[in-house]
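Right, one structure below, let's go through it.
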Amino acid sequence: MLRATHLAKVQSEMYERRWERFYVKRPARIVAVNRGLSGITMRHCEIVDISQGGAGIHVSTTIGLPEHYYLQVPGISERIGCAEVYRNGSRIGVRFIMALPENMLHRIVRADFMIGEKMERAQRR
């Protein structure tokens with residue numbers, strides 16, 4: 001018979017899906033620090049879905065991408081620290097190192113409407 005320790009009953013909020021997930025198609029950048037702190041590498045990506053605890057990201061390739069990096073969203077001044085949970089082809093699932101504040105998540109989700117309005121105004125001119 002298998003014996004479980006008291007640790008088997010410990011639950012962590014970082015491993016449970018407890019936040020509402022929003023489906024967005026937002027351009028973003030992955031900012032990774034090179035080995036030996038010799039510089040940074042940036043690559044474009046698209047946020048497919050996001051919650052306060054993590055996100056689903058689409059990239060063109062995962063070759064050379066480390067498991068920990070920052071997510072930079074246009075219009076948001078702060079970089080979001082990420083740790084990968086899975087890679088499935090060009091889709092990556094990440095958990096945020098610290099849960100996003102509600103107001104930051106709101107700005108990311110609502111920015112689609114703001115960007116759309118600006119693009120429509122520019123096309124009218």
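We number each residue from 1, following the sequence as shown.
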Which distance, rounded to the nearest 0.5 Å, do you find between the [atom1] of [X] and the [atom2] of [Y]?
X	Y	atom1	atom2	result
F22	L105	CZ	CG	5.5 Å
I57	I50	CD1	CD1	8.0 Å
Q72	C45	CD	SG	10.0 Å
E78	M98	CD	CE	11.0 Å
L71	I47	CG	CD1	4.5 Å

Where [X] and [Y] come nearest, the two heavy atoms and their spacing:
X	Y	answer
R21	S51	NH2-OG, 3.9 Å
P66	A32	CG-CB, 3.7 Å
R87	I92	CG-CG1, 4.4 Å
A83	I97	CB-CD1, 4.0 Å
R91	D49	NH2-OD2, 2.7 Å
V85	R95	CG2-CG, 3.2 Å

Heavy atoms, side chains only, cut-off 4.5 Å: are V94 and I30 in contact?
->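 Contact flag for V94/I30 side chains = no.
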**Request:** Using modelled atom types only, decide if a donor and an acceptor are shared between the side chain of R26 and the backbone of V73 within a distance under 3.5 Å.
**Result:**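 No.
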* Any side-chain hydrogen bond (donor to acceptor under 3.5 Å, both in side chains) pairs touching residues 56-70, not counting sequence neighbours? ->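 Those involving residues 56-70 are H58-S90, Y69-E84.
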Q: Take F96 and Q52 through the side-chain contact (heavy atoms from CB on, under 4.5 Å) test and state the conclusion after the steps.
A: CA-CA 8 Å; F96 298 140; Q52 281 185 275; over 6 Å; no
I76 reachable from V48 in the ILVMFWY side-chain graph, under 4.5 Å edges
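No, it is not one cluster - the side chains of V48 and I76 are not joined through contacts under 4.5 Å.
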